[in-house]
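Here's the structure, in structure tokens; my notes come after.
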Amino acid sequence: MLLGRISPSDRVTIAPSGGPLLQEQRVEAISAELLRYGIIATASPIAGVPRDHAIVTIGRYIGYLPTCPNWSQ
């Protein structure tokens, strides 16, 4: 995993502006470009996206297991 780069394990969402058809077209265009790199994106509409823009959000999650206690004694 490289910092500053999107990896296939990241969760990518796209929030486009515009009417329903335009939003769908924008999501499809951005998703198609990301898919070339093995990145799968999903639509996640949010309010307040500026006109003629799309917001692409990348979520990277890491889980750590707690250390196990020593029960040998």
Side-chain angles (χ1 to χ4, degrees):
M1 172 175 64
L2 299 171
L3 294 177
R5 295 187 181 189
I6 304 172
S7 73
S9 62
D10 293 334
R11 293 181 186 220
V12 179
T13 58
I14 304 165
S17 66
L21 180 59
L22 184 56
Q23 285 183 5
E24 184 179 323
Q25 290 171 338
R26 286 181 171 156
V27 168
E28 287 176 8
I30 295 169
S31 293
E33 190 63 30
L34 290 172
L35 195 55
R36 293 177 47 210
Y37 300 96
I39 310 296
I40 297 173
T42 58
S44 177
I46 59 174
V49 177
R51 183 176 185 208
D52 296 328
H53 285 76
I55 297 173
V56 178
T57 306
I58 300 136
R60 184 171 291 161
Y61 305 93
I62 300 173
Y64 294 99
L65 296 175
T67 57
C68 294
N70 182 353
W71 297 100
S72 63
Q73 295 181 7

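- Closest of all the heavy-atom pairs between Gly38 and Pro8 is O-CB, 3.5 Å.
- The residues Arg5 and Asp10 are annotated as not salt-bridged, no charged nitrogen and carboxylate oxygen being separated by less than 4.0 angstrom.
- Looking at every heavy atom in both residues, Pro16 comes nearest to Val49 through C-CG1, 4.1 Å.
- For Leu22, the CG atom is densely surrounded, since the number of other residues' heavy atoms within 6.0 Å is greater than 12.
- Ser7 and Arg60 get closest at one heavy-atom pair: N-NH2, 4.3 Å.
- Side-chain atoms of Arg26 and Asp52, non-hydrogen and from C-beta on, do get closer than 4.5 Å to each other.
- Across Ala41 and Ile14, no two heavy atoms sit closer than the pair CB-CD1, 3.6 Å.
- Note on Ile6 and Tyr61: separate hydrophobic clusters, where clusters join Ile, Leu, Val, Met, Phe, Trp and Tyr whose side-chain heavy atoms are under 4.5 Å apart, directly or indirectly.
- Side chain of Ser17 to main chain of His53: a donor-acceptor pair is present (N/O by atom type, distance under 3.5 Å, no hydrogens or angles).
- In this structure, OG1 on Thr42 lies 9.0 Å from CZ on Arg11, to the nearest 0.5 angstrom.
- Under the 4.5 Å side-chain criterion, counting only non-hydrogen atoms from C-beta, Ile40 is in contact with Leu35.
- Connection of Leu21 to Ile30 is not established within any shared hydrophobic cluster, with ILVMFWY side chains joined at heavy-atom distances below 4.5 Å, either directly or through further cluster members.
- With rounding to the nearest 0.5 Å, the separation of CD1 in Ile46 from CD1 in Ile55 is 4.0 Å.
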